[in-house]
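Because only heavy atoms are used, hydrogens play no part in the values below, and waters and symmetry mates are left out as well, while side chains stay in.
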Amino acid sequence: MFSAPPVLPVPPVILGTGNNILINPLQRGNTVLDNIKNVGKEFGDIVADYQVGRTTGVLFLSLKYHRLHPEYIHIRIEKLGHSYTLRILLVLCDITEHREAIRELTKFFEVCLINSLTILVAFSFEEAGHYLSTLKQFEHKPPDMIKERVDKDYNSILRTALTSISKVNKTDVETLRTSFGSFANIAKATSDQLRNLPGFGQVKVKNIKNTFDKPLRNNATRTLPSQTAAVLTSNSEPPELPITATAPSTKGKEKETGESLREPSPMWDIELDSRSAESGPLSDYPPRPFDIDLDLN
């Protein structure tokens with residue numbers, strides 16, 4: 001007999017009084033309270049430190065306090081449980097050591113991912129208070145107002161595409177559109193035609209021509225094949241591969257047999273002098289060390 005899966009508790013909905021931010025009594029005396037502007041404040045019995053929406057709770061943490069009490073934030077997150085739909089950890093970076101701050105923030109990112117928290121970092125009490133005020137003011141605002149506005153008409157798309165070229169502004173786009181009529185004609189325009197337009201200098205024309213004429217693929221990726229082809233075409237005969245292509249795998253044999261797989265080095269004159277007294281061909285004698293007497297007088 002199978003048992004029904006456990007049902008997670010519904011996040012509590014705590015109604016505030018209008019536009020006021022509900023504040024946990026533990027935050028009494030926090031300097032952030034003096035920097036919350038344009039919204040009301042009232043203390044209430046809540047799990048989070050600040051409640052900026054019906055289902056939005058904020059936990060506040062100072063990095064300086066976290067150094068003294070590193071277990072505090074974990075206890076607060078555990079008490080938070082599954083409360084609130086949007087859970088925010090507001091971190092105040094009030095320490096001077098930059099590297100230590102980055103390490104602490106890295107730890108917080110891991111904690112936030114595990115506990116479904118959104119992290120906000122403030123570098124002053126004023127910034128932290130502004131975050132809380134903004135979250136409350138935008139409680140009932142739709143997300144459309146922060147989305148990128150993209151028009152679907154042809155002129156808007158053309159303007160967005162051409163202004164991505166360096167030095168090209170909206171006025172230049174209108175000049176190109178009225179002069180050439182379409183995007184295809186603009187791409188086919190010559191450098192002389194572009195220079196005749198008002199406001200188009202040498203740098204701007206060069207950027208436009210590079211955008212349309214320069215290949216998208218990096219030439220650096222084709223340098224090696226092109227050089228190889230040039231070498232093959234310049235030589236009438238293909239280069240011969242050395243017999244020692246497998247030299248790395250024969251190092252052990254080379255030590256055992258004493259034979260070298262590469263061509264011998266040219267014989268120095270000093271070696272010839274040291275061996276001239278010995279009879280027999282030079283190739284019959286293995287190379288051996290020799291002494292050199294230098295006359296410094």
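Residues forming a side-chain contact (heavy atoms from CB on, under 4.5 Å) with Thr211 (at least two apart in sequence, or on another chain): Ile165. In this structure Asn185 satisfies the side-chain hydrogen bond (donor to acceptor under 3.5 Å, both in side chains) test together with Ser182, sequence neighbours excluded. Applying the salt bridge (Lys or Arg N to Asp or Glu O under 4.0 Å) rule to Arg177 yields the partners Glu174; only residues at least two apart in sequence or on another chain are considered. With sequence neighbours excluded, no residue forms a ring-ring contact (aromatic ring centres under 6.0 Å, His included) with His140. Remark: Asp172 pairs with Lys204 by the salt bridge (Lys or Arg N to Asp or Glu O under 4.0 Å) rule, at least two apart or across chains. Partners of Asn38 under the side-chain hydrogen bond (donor to acceptor under 3.5 Å, both in side chains) rule, at least two apart in sequence or in another chain, do not exist in this structure.
Between Asn20 and Lys41, the closest heavy-atom pair is OD1-N, 3.9 Å. Closest of all the heavy-atom pairs between Pro70 and Ile73 is O-CG2, 3.9 Å.
Side-chain contact between Ile77 and Leu59: present, with at least one pair of heavy atoms (C-beta onward) separated by less than 4.5 Å. By the 4.5 Å heavy-atom criterion applied to side chains, Asp153 and Ser156 are counted as neighbours. Under the 4.5 Å side-chain criterion, counting only non-hydrogen atoms from C-beta, Gln51 is not in contact with Thr56.
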*Apply side chain to side chain contact (heavy atoms under 4.5 Å, CB included) to Lys214 and Lys209, showing your working.*
CA-CA 8 Å; Lys214 193 174 181 179; Lys209 294 303 296 179; over 6 Å; no

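A single hydrophobic cluster is not seen to contain both Ile88 and Tyr72; linkage of ILVMFWY side chains at heavy-atom distances under 4.5 Å, directly or through other members, places them apart. Val168 and Leu197 end up in the same hydrophobic cluster when Ile, Leu, Val, Met, Phe, Trp and Tyr side chains are linked at under 4.5 Å. When the side chains of ILVMFWY residues are joined at heavy-atom separations under 4.5 Å, either directly or via intervening members, Leu63 and Tyr65 end up in a single hydrophobic cluster. In terms of hydrophobic clustering, with Ile, Leu, Val, Met, Phe, Trp and Tyr side chains grouped at heavy-atom distances under 4.5 Å, Leu135 and Val91 are assigned to different clusters. Taken together through direct or relayed side-chain contacts under 4.5 Å among Ile, Leu, Val, Met, Phe, Trp and Tyr, Ile186 and Val205 form part of one hydrophobic cluster.
A ring pair (Phe, Tyr, Trp, His ring centres under 6.0 Å) check over residues 153-192, counting only residues at least two apart or in different chains, returns the pairs Phe183-Phe212. The side chain to side chain donor-acceptor pair (under 3.5 Å) pairs that include a residue from residues 186-196 are Asp192-Arg195, where partners are two or more places apart or lie in different chains.
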Please list every donor-acceptor pair under 3.5 Å in which a side-chain atom of residues 24-33 meets a protein atom from a residue at least two apart or in another chain.
unit_1: Asn24; atom_1: OD1; unit_2: Leu26; atom_2: N; d: 3.0
unit_1: Asn24; atom_1: ND2; unit_2: Ile46; atom_2: O; d: 3.0
unit_1: Asn24; atom_1: ND2; unit_2: Ala48; atom_2: O; d: 3.1
unit_1: Gln27; atom_1: OE1; unit_2: Asn30; atom_2: ND2; d: 2.7
unit_1: Gln27; atom_1: OE1; unit_2: Tyr50; atom_2: OH; d: 3.1
unit_1: Gln27; atom_1: NE2; unit_2: Asp49; atom_2: OD1; d: 3.4
unit_1: Asn30; atom_1: OD1; unit_2: Val32; atom_2: N; d: 3.1

Distance-only criterion, 3.5 Å: show the donor-acceptor pairs between side-chain atoms of residues 117-134 and protein atoms not counting sequence neighbours.
unit_1: Ser124; atom_1: OG; unit_2: Glu127; atom_2: N; d: 3.2
unit_1: Glu127; atom_1: OE1; unit_2: Phe123; atom_2: N; d: 3.0
unit_1: Ser133; atom_1: OG; unit_2: Lys37; atom_2: N; d: 3.1
unit_1: Ser133; atom_1: OG; unit_2: Lys37; atom_2: O; d: 3.1
unit_1: Ser133; atom_1: OG; unit_2: Gly129; atom_2: O; d: 3.0
unit_1: Thr134; atom_1: OG1; unit_2: His130; atom_2: O; d: 2.8

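Between Val58 and the choices Leu89, Val52, Leu86, the side-chain contact (heavy atoms from CB on, under 4.5 Å) rule is met once, by Val52.
More than 12 heavy atoms of other shown residues, nucleotides or ligands fall within 6.0 angstrom of atom CD in Glu71.
Considering CG of Leu162 and CD1 of Ile208, their distance stands at 7.5 Å, rounded to 0.5 Å. Taking OG1 of Thr163 as the reference point, atom CZ of Arg159 lies at 8.0 Å (rounded to 0.5 Å). Within the model, atoms CD1 of Ile95 and NE2 of His66 stand 9.0 Å from one another, a figure rounded to the nearest 0.5 Å.
Hydrophobic cluster of Ile114: no remaining members, since no ILVMFWY side chain lies below 4.5 Å from it. Under a 4.5 Å side-chain heavy-atom cut-off, the cluster of Ile, Leu, Val, Met, Phe, Trp and Tyr residues that includes Ile75 has no other member.
In this structure, Ser116 contributes its side chain and Cys112 its backbone to no donor-acceptor pair below 3.5 Å. With Ser83 contributing its side chain and Leu80 its backbone, the two residues share a donor-acceptor pair below 3.5 Å.
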